[in-house]
Amino acid sequence: MTIPVFRTVAEMRAQVADWHAADKKIALVPTMGHLHQGHLALIRAGLVTADRVITTIFVNPTQFGAGEDLESYPRDETSDLALIKGEGGHAAFVPLLSEMYPEGFATRVTVDGLTEPLCGASRPGHFDGVTQIVTKLLIQAGADFAMFGEKDWQQLAVVRRLTRDLDIATEVVGVPIVRDDFGLALSSRNSYLSDAELQVARRFNVHLRAAAAEIAAGGAAAAACEKAAAEILAAGFLKVDYVECRTADGLELVTGSPGCRSRVFGAARLGGARLIDNHAVV
Ligand code: AMP
């Protein structure tokens, strides 16, 4: 027996209505598929938080920029559905493009401010695609909770803001980053890396973590981040998009000593992949 797979919003809503009528709480786990342990941690967190978990799989074209990896993005629905089932997930929503963006689709959702720095600066338009699809998924499902990974910390902050601003009743829950044994944050895009590149990739978190530790010990944030960026390049990365210390909630730039909860954020390119990660300054 496989799990139920909804292809249409109507099918998902009918199931959600039945579950709500039976007094079940529902958690939504939005993903782009090619699931790994990071995604499965979101499903497990959903199972702890709610009675039913719906995982969505949709490679959303509007959050990819020109020249990015939309066409080559890894897709494996059969394996994803088996992983969801194996984890105890109750259902999947796997819509066609035409279900999400029917002919004549013309609506945008923009969050100002939080979307401007970090990945917003290095991937213009990316967050407009994210806010558009996440808003749709949250409205479509009407779930009680939605699980998002802290790996995409900026995305999590943006989604929290949009649910607050638009009075979407779904509670957004952040889930800690899942890493491999070397500290590399798991990502579907890690599959683009050769074995040699994977070794280099595993230096990324080491340098970001060192910067966070240096700042926590009283070092100036700007200098610590600059040093980490240089070390990431020296380790073999092609390009550093950013290494910055920012406040955890408002994502304001910290150059000296952080006055409140903050994190070191990094994005860098290696082979065909763009890696992102972030670490708490503690
Ligand atoms: P994606 O399929 O890459 O769009 O990711 C879907 C969700 O899984 C997002 O909320 C991500 O933040 C989360 N996620 C991806 N990788 C990880 C990870 N290594 N640890 C925790 N959450 C993750």
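The basis for the numbers below is simple: all heavy atoms, side chains too, and nothing from hydrogens, waters or symmetry mates. Order of appearance sets the numbers: ligands from 1, and atoms from 1 within every ligand.
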#### Entry: Residue contacts for ligand 1, heavy atom to ligand atom, distance under 4.0 Å
Pro30, Thr31, Met32, His36, Gly38, His39, Leu42, Tyr73, Phe148, Gly149, Lys151, Asp152, Gln155, Pro176, Ile177, Val178, Leu186
### Query
Are any non-hydrogen side-chain atoms of Phe148 and Leu28 less than 4.5 angstrom apart?
no
### Task
Quick one: closest heavy-atom pair of Ala185 and Ile177, and the distance?
CB-CG2, 3.8 Å
### Query
His39: what forms a ring pair (Phe, Tyr, Trp, His ring centres under 6.0 Å) with it, not counting sequence neighbours?
His36
### Message
Quiz question: by atom type and distance under 3.5 Å, do the side chains of His20 and Asp144 form a donor-acceptor pair?
### Response
yes
### Lys/Arg N to Asp/Glu carboxylate O, Arg7 vs Glu77, below 4.0 Å
yes
### Query
What is the minimum heavy-atom distance between Arg108 and Gln132, and which atoms define it?
CA-NE2, 4.3 Å
